[in-house]
Number of protein chains: 2
Amino acid sequence: MSDPASPPAPPRRRPDRSSVTICDVARLAGVSMITVSRAMNTPEQVSEAKLAKIRAVVDQLGYVPNRMAGGLKSARSRLVMALVPSLSSQVFTPTVQALTEALEQRGYHLMLGQSGYEDSREDHMLEAIIGRRPDGIVLTGVLHSQESRKRLIASGIPVVETWDYSPSPIDMLVGFSHDRVGEEVCTFLARQGRRHLALVTGSDARAMRRRDGFVRSAARLGLPPPRVAMIAAPATHANARVALAALLDAGPPLDAVFCSSDLVALGVLNELQSRGLSVPGAVAIVGFGDLAYAASMHPSLSTIRIDGARLGRLAAELIVQRAEGREVDEPVIDLGFELVERDSTGGG
Amino acid sequence: MSDPASPPAPPRRRPDRSSVTICDVARLAGVSMITVSRAMNTPEQVSEAKLAKIRAVVDQLGYVPNRMAGGLKSARSRLVMALVPSLSSQVFTPTVQALTEALEQRGYHLMLGQSGYEDSREDHMLEAIIGRRPDGIVLTGVLHSQESRKRLIASGIPVVETWDYSPSPIDMLVGFSHDRVGEEVCTFLARQGRRHLALVTGSDARAMRRRDGFVRSAARLGLPPPRVAMIAAPATHANARVALAALLDAGPPLDAVFCSSDLVALGVLNELQSRGLSVPGAVAIVGFGDLAYAASMHPSLSTIRIDGARLGRLAAELIVQRAEGREVDEPVIDLGFELVERDSTGGG
DNA sequence: TTGAAAGCGCTAACAG
DNA sequence: CTGTTAGCGCTTTCAA
């Protein structure tokens with residue numbers, strides 16, 4: 001019991017978890033560590049015989065290389081960080097999905113982060129990112145402070161900005177002009193004979209840009225200035241209803257609404273329905289995003305479609321090119337957008 | 001030009017990007033590396049004077065510790081991997097959000113992965129995960145093959161399974177019983193006087209468990225066997241409409257539908273509306289998930305609410321406890337659920 | 001095609 | 001409170 005020669009072993013956590021290393025494999029296969037390394041990374045440099053032997057041992061031991069160690073020496077983490085404002089906004093899902101797949105195919109992994117918080121957290125966030133030494137960062141129109149931008153540039157990590165357009169990005173860019181989206185929707189509604197236009201919109205920077213284009217276009221076309229209902233954050237279905245309700249209660253009737261997202265459009269539709277206003281008879285609605293349900297809603301929703309999957313693939317391409325030291329042929333890509341005409345604006 | 005003594009330097013990529021290391025900081029601050037390390041990780045162990053000096057140098061140089069290096073030595077990556085079936089299913093968003101925040105607070109970062117693919121990719125996925133040596137894995141009722149489960153157990157990484165209930169999990173669990181969800185919804189609808197029940201449901205394992213509970217309960221209550229419409233994957237709004245349409249066209253009328261998600265419920269609602277069937281008058285609808293729009297839909301949607309945020313916080317708690325070698329007091333947690341009664345079932 | 005040596009950037013384990 | 005020593009697991013030279 002109290003034998004001093006055999007003290008009870010203190011219950012240590014994970015004394016040697018997953019301790020199978022490249023060393024163990026090398027020993028069992030009767031080769032050197034570096035040969036094992038080559039067998040994993042560049043098998044064409046290893047003879048058939050040793051390759052077979054090594055692979056057998058790897059399977060037997062369940063060896064999985066430690067990428068932290070590899071990344072440390074090679075200075076390549078094979079990690080790409082993507083920052084989206086929020087996961088609840090379905091608009092970014094296809095982009096993230098495509099990004100994941102495209103990177104995976106090339107041997108990279110995606111880390112996903114949410115940036116839709118206060119500026120105070122941005123610093124923490126950036127530190128977390130840079131600390132992991134990703135081979136690239138995909139930004140979704142974020143980074144509020146100038147300070148953060150500088151820091152990111154200083155880190156030397158390749159950056160792709162997306163979902164927005166700027167002729168002079170930090171580094172690379174795949175996006176489209178929100179200004180032009182606003183203009184095009186306004187022109188379209190005017191052509192449909194709508195004159196009393198309104199916006200029901202969230203308050204993020206890109207939505208504001210769409211608003212500006214919309215309002216400017218209305219002025220140019222000689223329409224009455226569009227009325228704007230800002231949605232209290234977050235821009236949920238419920239808040240959209242509230243915002244539109246306030247607009248309807250406060251002023252003259254309107255005959256068309258441009259919404260900052262398809263979800264908002266759904267809220268607007270429900271509010272109109274509950275007031276007995278017909279869509280598209282009395283009021284036309286245009287959404288933004290072309291989410292899965294836009295086409296099958298009742299009535300189906302006219303909206304702006306962005307090819308988010310293509311965006312993701314292009315961004316992945318750019319990052320990988322830069323990470324592998326290749327020359328990037330076209331670092332700034334305008335993806336464009338498409339106005340999809342459906343029932344909510346009077347039939348397509 | 002052809003001076004052999006000065007060959008043109010090949011244009012190398014990132015020759016020394018972000019090369020400021022703990023070494024540089026130590027030198028400039030006139031202390032040893034380990035003191036800098038302590039200043040960053042356990043500042044209470046460093047004197048005020050040196051701390052101030054070090055912090056100044058860190059700011060000046062823009063030093064960000066390389067977590068790959070730290071993780072290598074300490075065998076703690078401070079990385080937690082979360083696997084969700086898909087990002088498009090909004091049900092998991094609050095969980096992911098809460099997980100992110102709770103982990104961040106404790107100095108961990110979340111890596112998000114999507115698992116909703118074919119089994120063939122599961123192996124790749126697991127390899128990618130284990131390769132990064134996360135301190136924990138949060139699983140969302142996934143991992144199709146028995147092989148994968150074994151491999152995960154063998155890796156020794158703490159695992160929390162979520163969004164499901166099993167008395168004998170791999171390691172730890174935070175979830176609820178889908179069987180009981182099905183039972184409760186069925187009982188509820190029966191109590192409302194509904195007798196001709198139907199299911200419109202996706203085909204994932206958990207939805208199937210809800211179906212089983214629902215069907216079993218109906219039998220027990222002496223109701224006619226519920227009719228089941230399976231939705232072609234993916235379970236979108238449009239596919240839900242198609243599935244319900246087929247059901248309505250093929251057989252006798254029904255007076256209540258239990259849907260496998262709120263999105264499906266929206267599709268079901270739209271299909272009923274377009275056929276002039278009133279909700280809840282002719283048909284009652286119950287969803288699953290209590291997404292943001294459920295409460296503000298028209299009519300508002302009765303549904304099953306899961307406290308996804310709480311689930312995320314609890315999972316984070318468990319992971320961190322295990323990662324830090326503390327004893328886990330309650331490794332299996334039944335979170336429960338709540339039936340939220342709204343207009344789509346005849347008023348709450 | 002293979003191997004030996006060296007070290008990526010950091011931190012545990014001891015001493016002082 | 002501070003420093004020294006020794007490596008984490010892997011890959012990049014370089015040489016055979």
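Chain A is the first sequence line, chain B the second, and so forth, proteins listed ahead of strands; every chain is numbered from 1.
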Visitor: If the condition is ring-ring contact (aromatic ring centres under 6.0 Å, His included), which residues does B:Phe92 pass it with, not counting sequence neighbours?
Guide: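 Applying ring-ring contact (aromatic ring centres under 6.0 Å, His included) to B:Phe92 gives B:Trp163.
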Visitor: Quickly work out the A:Lys50 NZ to C:dG3 C1' distance and round it to whole Å.
Guide: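 To the nearest whole Å, that distance equals 9 Å.
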Visitor: If you check every side-chain atom of B:Ser47, which of D:dG9, D:dC1, C:dG9 has the closest atom?
Guide: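 Given the options D:dG9, D:dC1, C:dG9, the side chain of B:Ser47 is closest to D:dC1.
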Visitor: Who pairs with A:Glu127 by side chain to side chain donor-acceptor pair (under 3.5 Å), at least two apart in sequence or on another chain?
Guide: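 Only A:Arg151 meet the side chain to side chain donor-acceptor pair (under 3.5 Å) criterion with A:Glu127.
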Visitor: For A:Ser74 and for A:Ala69, locate the closest nucleotide of DNA chain D by heavy-atom distance; then report the residue assigned to the nucleotide nearer the 5' terminus.
Guide: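 Counting from the 5' end, the first nearest nucleotide belongs to A:Ala69.
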Visitor: Please state how far atom NZ in B:Lys73 lies from atom C1' in C:dA13, giving the value in whole angstrom units.
Guide: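 Between C1' of C:dA13 and NZ of B:Lys73: 8 Å.
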Visitor: Quick check on the helix from C:dT1-D:dA16 to C:dG16-D:dC1: what's the angle between its two end axes, five base pairs per end, to the nearest 10°?
Guide: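 The angle separating the two end axes equals 20°.
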Visitor: Hey, are B:Arg322 and B:Asp171 close enough for a salt bridge, meaning a charged N less than 4.0 Å from a carboxylate O?
Guide: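 Counted as a salt bridge, because a side-chain N and a carboxylate O are separated by less than 4.0 Å.
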Visitor: List the residues meeting salt bridge (Lys or Arg N to Asp or Glu O under 4.0 Å) with A:Arg310, not counting sequence neighbours, and say none if there are none.
Guide: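 Partners of A:Arg310 by the salt bridge (Lys or Arg N to Asp or Glu O under 4.0 Å) criterion come out as none, since no residue qualifies.
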Visitor: Round to the nearest Å and state the distance from A:Met40 atom CE to D:dT12 atom C1'.
Guide: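 That distance rounds to 18 Å.
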Visitor: Do B:Ser145 and B:Ser148 have side-chain N/O donor and acceptor atoms under 3.5 Å apart?
Guide: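 Their side chains do contain a donor-acceptor pair, which is all the 3.5 Å distance test asks for.
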Visitor: For residues 103-110 of chain B, dump all side-chain donor-acceptor pairs below 3.5 Å to protein atoms at least two apart in sequence or in another chain.
Guide:
| unit_1 | atom_1 | unit_2 | atom_2 | d |
| --- | --- | --- | --- | --- |
| B:Arg106 | NH1 | B:Ala102 | O | 3.1 |
| B:Arg106 | NH2 | B:Glu317 | OE1 | 2.5 |
| B:Tyr108 | OH | B:Arg76 | NH2 | 2.5 |
| B:Tyr108 | OH | B:Glu324 | OE2 | 3.4 |

Visitor: For the side chain of A:Asn66, starting at C-beta, report the closest nucleotide among D:dG9, C:dG3, C:dT11.
Guide: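 Closest of the options to the side chain of A:Asn66: D:dG9.
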Visitor: Output the rounded distance in Å from CZ (A:Arg78) to C1' (C:dC8).
Guide: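 Atom CZ in A:Arg78 sits about 17 Å away from atom C1' in C:dC8.
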Visitor: Within this structure, what is the CZ-to-P distance between B:Arg133 and D:dG9, rounded to whole angstrom?
Guide: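 These atoms are roughly 9 Å apart.
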Visitor: What integer distance in Å separates B:Ile130:CD1 from D:dG9:C1'?
Guide: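 Value for this atom pair: 16 Å.
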Visitor: Let's see if you can work this out: which of D:dT11, C:dC8, D:dG7 has an atom nearest to the side-chain heavy atoms of A:Leu72?
Guide: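 Selected nucleotide (nearest to the side chain): C:dC8.
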Visitor: Are there over 12 heavy-atom neighbours, none belonging to B:Gln45, within less than 6.0 Å of that residue's CD?
Guide: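 Result for CD/B:Gln45: enclosed.
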Visitor: Expressed in angstrom and rounded to an integer, what is the separation of A:Ile22 atom CD1 from D:dC8 atom P?
Guide: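 Distance, rounded to whole Å: 14 Å.
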Visitor: Which parts of residues 29-38 of chain A get close to DNA chain C, meaning a heavy atom less than 4.0 angstrom away?
Guide: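 Per residue number, the list reads A:Val31, A:Ser32, A:Ile34, A:Thr35, A:Arg38.
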Visitor: From B:Leu311 CG over to B:Ile333 CD1, what is the distance, rounded to the nearest 0.5 angstrom?
Guide: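 B:Leu311 CG to B:Ile333 CD1: 9.0 Å, rounded to 0.5 Å.
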Visitor: As an exercise, state the distance from CG of B:Leu87 to OG1 of B:Thr93, rounded to the nearest 0.5 Å.
Guide: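 Separation between the atoms: 7.0 Å.
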Visitor: Measure from CD on A:Glu44 to P on C:dT2 and round the result to the nearest Å.
Guide: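 Rounded to the whole Å, the gap is 12 Å.
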